[in-house]
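Inspection log for the structure reproduced underneath, given as structure tokens.
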Amino acid sequence: MEDEGGSLPGKSDFSAWYNDILWRAEIMDVRYPVKGIYVWYPHGFALRRHVYQRLRDLLDEADHQETLFPLLIPKHEFMKEAEHIKGFEEEVYWVTHGGTSELDVPLALRPTSETAIYPMYALWIRSHADLPLKLYQVVNTFRYETKHTRPLIRLREITSFKEAHTVHATWEDAERQVEEAVALYRSFYEQLCVPIIISRRPDWDKFPGADYTIAADAVMPDGRTLQIGTVHHLGDHFSKTFDITYEDASGEQQCAHQTCYGISERSIAAVVSVHGDDRGLVLPPSVAPVQIVIVPIIVGKREDEVLAHAAALEQELGAAGYRTKVDSRALRPGAKYYYWEMRGVPLRLEVGPRDIDAGTVMAVNRLGDKSAVDRAAIVEEVAAQLEQFRDRLRARAEAELAHKITLASSMEEIPGSVREGVAIVNWCGSEDCAGQIEKATGAALLGSEVRSQYVDPDGGPCVACRKAGRPALVGRSY
RNA sequence: GGGGCAGUAGGGUAGCCUGGUCCAUCCUAGAGCGUUUGGGACGCUUUGACGGCAGUUCGAAUCUGCCCUGCCCCA
């Protein structure tokens, strides 16, 4: 399949690096002949599968149920919620024909599924005993993006949209669900070792039809932010429109309150970008398609012995639950090292005659730490090594983020801050001041109520108008 | 949204300005055979390309137009 030939551009040229690593590490093939639509390579798809399994596990543990709604939404349902339409109408694909005959009801390819799901919720929900209802699905969605498309980041077909849609009795219950979702997303990104900044999107930037939106942003190597999760409190906007009501304990019909929250394959873009290096991917063990690669070092006449030894190792580690692979291809060991480093395998084990004689295995992790470990205790050794590797990866990413966040106490400081990262500024909350900040600095006001260990929640004078302000996130976003 | 630049084998390139000597260069990858294997092995043999459509021309990878696709910069 695809393989190296030349090498990866340095990560300091992030844009070139990103474009290259996607095919060199066999994540996505961008050569599909439709703009903004790309193909998953098997290795990328395996990574996707493990990432989404982490997400499914978290949701399932938190009493969500997986479901599946149709891709096609009839126009009259789609057009019901006014604000929602306004937010999406410019980017909806319409199916207008069946064969050569024009459809009497045009069908939208879902840009998101509220209007597919909520008419059914209206049928399903009768009583307070049906609440809360917490469903999710992982589906593709379509948006006719007019801006520059980019694999995994800005797509016309989002192939991997995990969207949860919950229904609650009261606004406060829904608010609690928003917080549960934020906590879920936090622990999801913790498993990916990707540090995030949580903030509340300004009103003009919230989800169309929501009361408010909480977002998770990652900071990419070039300092731009990537929105990698959103949680929306929908209030009763959609339930009023779609007539989602329930009978309360006293027999009264009440309007339900809703939330929805989503994560897309941008989560994978973040894993790739935050951890990768000049040699390729660096994957957290929790989602690496291959967690351990065993490279047999075949020298002279001991080939069969070495291969048998490698197979026994694979068997033992596989039985212990690790995704393990022996690379017995007819290549030089060095070529295999480069190959698996490009694909981000967390731990490499090398076994050759010397190791067999010494009763050891050479263990080298993807950050370059090398040690000889006891063959007899291999399962425990591997567990410890992977855990340590994950911790280092997380610490490295945290340090990188801490380095990219700077506090700016005046307008003049912001351009410097956002050149290679994000700025935290005090902001009074007015759209006017946000506009001034954006105009003067070329960066956007992304969120308020910033939740990050690097940000002091106490405020100060607004950088624009000097009235009382609170910390807000300013940066250039993807 | 505005403005650039580009598209040549699977990937990367030379050729384009100044049309013919290009049945298209080189690197890499792929296939076959052999010798190798503790950080990208080597030898021999071999497959494979001018984004699409139209136009100009005796003749187009090269010039013109449109379309598609991609990248960069600015908003």
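Letters A, B, ... mirror the listed sequences (proteins, then strands); counts begin at 1.
Taking atom P on both B/C44 and B/G39, the two are 26 Å apart, rounded to the nearest angstrom. The same atom, P, is picked in B/C53 and in B/A61; the two are 13 Å apart, to the nearest Å. The same atom, C1', is picked in B/U37 and in B/C42; the two are 12 Å apart, to the nearest Å. The C1' atoms of B/U45 and B/G4 are separated by 46 Å, rounded to the nearest whole Å. Straight-line distance between the C1' atoms of B/G2 and B/U18: roughly 34 Å, to the nearest whole Å. Between the P atoms of B/G48 and B/A31, the separation comes to 16 Å (whole Å). Nucleotides B/A6 and B/G65 are separated by 13 Å at their P atoms, to the nearest Å. For the P atom pair drawn from B/G12 and B/C71, the interatomic distance equals 12 Å after rounding to whole Å.
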Short N/O separations, protein against nucleotides 33-39 of chain B, under 3.5 angstrom:
{"unit_1": "B/U37", "atom_1": "O2'", "unit_2": "A/I298", "atom_2": "O", "d": "2.8"}
{"unit_1": "B/U37", "atom_1": "O2", "unit_2": "A/L331", "atom_2": "O", "d": "3.0"}
{"unit_1": "B/G38", "atom_1": "OP1", "unit_2": "A/R332", "atom_2": "NE", "d": "3.3"}
{"unit_1": "B/G38", "atom_1": "OP1", "unit_2": "A/R332", "atom_2": "NH2", "d": "2.7"}
{"unit_1": "B/G38", "atom_1": "O6", "unit_2": "A/P353", "atom_2": "N", "d": "3.2"}
{"unit_1": "B/G38", "atom_1": "O6", "unit_2": "A/R354", "atom_2": "N", "d": "2.7"}
{"unit_1": "B/G38", "atom_1": "N1", "unit_2": "A/D355", "atom_2": "OD2", "d": "2.6"}
{"unit_1": "B/G38", "atom_1": "N2", "unit_2": "A/D355", "atom_2": "OD2", "d": "3.1"}
{"unit_1": "B/G39", "atom_1": "O6", "unit_2": "A/R348", "atom_2": "NH2", "d": "2.8"}
{"unit_1": "B/G39", "atom_1": "N1", "unit_2": "A/R279", "atom_2": "NH1", "d": "3.4"}
{"unit_1": "B/G39", "atom_1": "N1", "unit_2": "A/E341", "atom_2": "OE2", "d": "2.9"}
{"unit_1": "B/G39", "atom_1": "N2", "unit_2": "A/R279", "atom_2": "NH1", "d": "3.2"}
{"unit_1": "B/G39", "atom_1": "N2", "unit_2": "A/E341", "atom_2": "OE1", "d": "3.0"}

N/O to N/O distances under 3.5 Å, protein versus nucleotides 44-49 of chain B:
none

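When rounded to the nearest whole Å, the span between CH2 of A/W23 and C1' of B/G12 equals 8 Å. As a whole-Å value, the separation of A/M342 CE from B/G11 C1' is 12 Å. Spacing between atom CD of A/E145 and atom P of B/G1 amounts to 11 Å, rounded to whole angstrom units.
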*Secondary structure of RNA chain B in dot-bracket form (Watson-Crick or G-U wobble, distances below 3.5 Å, | marking inter-strand pairs)*: (((((((..(((.......[.....))).((((((.....))))))....(((((..]....)))))))))))).

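No option in A/E380, A/E350, A/E316, A/E381 other than A/E316 meets the salt bridge (charged side-chain N to carboxylate O under 4.0 Å, His left out) test with A/R375.
The number of heavy-atom neighbours closer than 6.0 Å to NZ of A/K325, taken from other residues, nucleotides and ligands shown, is 12 or below. The number of heavy atoms from other shown groups lying within 6.0 Å of CD (A/Q53) is above 12. When the shell of 6.0 Å around OH of A/Y212 is examined, it contains more than 12 heavy atoms from other residues, nucleotides or ligands. The environment of A/R466 atom CZ is dense: over 12 non-hydrogen atoms of other residues, nucleotides or ligands sit within 6.0 angstrom. More than 12 heavy atoms of other residues, nucleotides or ligands sit less than 6.0 Å from atom NZ of A/K35.
A donor-acceptor contact closer than 3.5 angstrom is absent between the side chains of A/Y52 and A/E265. For the residue pair A/E413/A/S409, the side-chain donor-acceptor check at 3.5 Å is satisfied. Looking only at atom types and distance, the side chain of A/Q385 has a donor-acceptor partner in the side chain of A/S371 under 3.5 Å away. No side-chain N or O of A/N19 forms a donor-acceptor pair with one of A/R150 less than 3.5 Å apart. A donor and an acceptor atom, one from each side chain of A/R54 and A/S286, are nowhere located under 3.5 Å apart.
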_Verdict with supporting geometry, A/E77 and A/K80, salt bridge (charged side-chain N to carboxylate O under 4.0 Å, His left out)_ = CA-CA 5 Å; A/E77 295 290 3; A/K80 271 183 181 166; 2.9 Å; yes

*List the protein contact pattern of nucleotides 68-75 of chain B with one symbol per nucleotide (5' to 3'): B for base contact, S for sugar-phosphate-only contact, - for none; contact means a heavy-atom distance under 4.0 Å.*
-SSBS---

Which pairs of donor and acceptor atoms, one on a side chain in residues 354-365 of chain A, lie under 3.5 Å apart (sequence neighbours left out)?
{"unit_1": "A/D355", "atom_1": "OD2", "unit_2": "A/G352", "atom_2": "N", "d": "2.9"}
{"unit_1": "A/D357", "atom_1": "OD1", "unit_2": "A/R302", "atom_2": "NH2", "d": "2.8"}
{"unit_1": "A/D357", "atom_1": "OD2", "unit_2": "A/R302", "atom_2": "NH1", "d": "3.1"}
{"unit_1": "A/N365", "atom_1": "OD1", "unit_2": "A/L367", "atom_2": "N", "d": "2.9"}
{"unit_1": "A/N365", "atom_1": "OD1", "unit_2": "A/G368", "atom_2": "N", "d": "3.0"}
{"unit_1": "A/N365", "atom_1": "OD1", "unit_2": "A/D369", "atom_2": "N", "d": "3.0"}
{"unit_1": "A/N365", "atom_1": "ND2", "unit_2": "A/D369", "atom_2": "OD2", "d": "2.9"}

Tell me which donor-acceptor pairs under 3.5 Å the side chains of residues 435-442 of chain A have, and how far apart each pair is, sequence neighbours excluded?
{"unit_1": "A/E438", "atom_1": "OE2", "unit_2": "A/L445", "atom_2": "N", "d": "3.0"}
{"unit_1": "A/T441", "atom_1": "OG1", "unit_2": "A/I437", "atom_2": "O", "d": "2.6"}
{"unit_1": "A/T441", "atom_1": "OG1", "unit_2": "A/A443", "atom_2": "N", "d": "3.3"}

